[in-house]
Every structure is written in C-alpha cells, then in structure tokens.
Amino acid sequence: MERRPVIVAGFGFRAAAGLDALRAALATAQHGCPPVEILAVPQDKIALVQALADLLAADCVEARARGCPLTVIGVSPAALQAVQTPTRSIASIRHRATGSVAEAAALAAAGPDAVLLTSRHISPDRMATCAIARGTCRGFHA
C-alpha cells in the first residue's frame, strides 16, 4: 500500500469536555499548520470527536477539494503508551500512562516517522488539549 503525507490532530480531554473546548484547543494548535485530515483520540472517546468532525466538515473545504475527508481514528491504549511525548503531564501519566494524550494520539495516528508540528495546546476552560503531527500513513493500525 502506498504511503502519503498526513496531518493529524490528536486530542486528550476530560469526560465533561464539550465541543467548544475541543474546537478551541484545535484552533489554537492548528494555527500556522497545514490543514488537518485526521482527528485522533483514545478509542473510548471517539463519539465526541466524531461530532467535532461533523461540525468541522463544512470548514474543511481545502482538504475536501484535495479528496481528503476529515477522518476520526481511535487510538488503542497500547499505542498511546508506546509513544514518547515531549510533554510530561502528571494527570496524563496517571490516567493514560503517557505524558500527553493529545501528543501521543497525534503521533501514533500519523505513523512511525511522525513528528510533532505543535505540542499540546490547552483549551481556555482547561478541559481539552490538542497537538498536531505530520507523518505518512499506510493505513492505521494503532
């Protein structure tokens, strides 16, 4: 299968986070980055991020024009834990065994050669984080 470059937004968020928190974290993290094609999140939190993807679909004209619809990927606990992140959040380590859920999700989904374009950004209400990574994917197996 052919590899292609991808831009991934990874999210970490509390159970009480809303769409506004996710949107705010994404907007801050994405500033100055290429358009995001994939939203990555821990597997158990796909529903809220899918709702965000649906809301953002109208805003992603450039990605759709290239034939790259916004996709949501659930990242397994093992894949999150396998990624070394520059951020070392005590809460993330305690709850997910990774330094930053957002950074780990973005890097895991972007593939083995992924690099962070932005480390995690925190929403104003501190309920969500988002990080952006660039990599190449042959599909997703995290």
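Keep in mind that the numbers below use all heavy atoms, side chains included, and drop hydrogens, waters and symmetry copies.
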Quick check on the hydrophobic clustering: are [X] and [Y] connected, directly or via other members, by side-chain heavy-atom contacts under 4.5 Å?
{"X": "Leu19", "Y": "Val41", "answer": "yes"}
{"X": "Phe11", "Y": "Ile46", "answer": "yes"}
{"X": "Val101", "Y": "Ile132", "answer": "no"}

Shortest non-hydrogen contact from [X] to [Y]?
{"X": "Ser123", "Y": "Ala21", "value": "CB-O, 3.3 Å"}
{"X": "Ala106", "Y": "Ala9", "value": "CB-C, 4.4 Å"}
{"X": "Ala105", "Y": "Leu80", "value": "N-CD2, 3.6 Å"}
{"X": "Ala110", "Y": "Ala133", "value": "CB-CB, 4.1 Å"}
{"X": "Cys130", "Y": "Ala29", "value": "O-CB, 3.5 Å"}
{"X": "Leu117", "Y": "Cys33", "value": "CB-SG, 4.0 Å"}

Just checking, is any N or O donor in the side chain of Gln81 or Thr98 under 3.5 Å from an acceptor N or O on the other one?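 There is no such pair between these side chains.
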Residues that, via side-chain heavy atoms closer than 4.5 angstrom, fall in one hydrophobic cluster with Val115: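 When side chains under 4.5 Å apart are linked, Val115 ends up in no cluster with other residues.
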Connecting only ILVMFWY residues whose side-chain heavy atoms lie within less than 4.5 Å of each other, what is the rest of Leu116's hydrophobic cluster?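 Val83, Leu107, all in the cluster of Leu116.
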Taking atom [atom1] of [X] and atom [atom2] of [Y], what is their separation to the nearest 0.5 Å?
{"X": "Thr28", "Y": "Arg23", "atom1": "OG1", "atom2": "CZ", "result": "12.5 Å"}
{"X": "Arg126", "Y": "Arg14", "atom1": "CZ", "atom2": "CZ", "result": "7.5 Å"}
{"X": "Arg120", "Y": "Thr85", "atom1": "CZ", "atom2": "OG1", "result": "9.0 Å"}
{"X": "Met127", "Y": "Ile122", "atom1": "CE", "atom2": "CD1", "result": "12.5 Å"}

Mark yes or no: Lys45 above the aromatic ring of Phe13, with NZ or CZ under 6.0 Å from the six-membered ring centre and no more than 45 degrees from the axis.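 Flagged: Lys45 positioned over aromatic ring of Phe13.
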So that I can tick it off, tell me whether Asp44 and Arg96 are bridged by a salt bridge, with the cut-off set at under 4.0 angstrom between side-chain N and carboxylate O.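 Answer for the salt bridge query: yes.
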Gln43 side chain vs Pro77 backbone, donor-acceptor pair below 3.5 Å: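 No.
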Is the backbone N or O of Thr136 less than 3.5 Å from a side-chain atom of Asp113, with the two atoms forming a donor-acceptor pair by type?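 Yes, Asp113 side chain to Thr136 backbone: donor-acceptor pair under 3.5 Å.
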Is any side-chain heavy atom of Val6 closer than 4.5 Å to one of Arg134?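 No - every pair of side-chain heavy atoms lies 4.5 Å or more apart.
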Mind running side-chain contact (heavy atoms from CB on, under 4.5 Å) on Thr71 and Glu37 for me, showing each step along the way? CA-CA 6 Å; Thr71 303; Glu37 300 171 45; over 6 Å; no
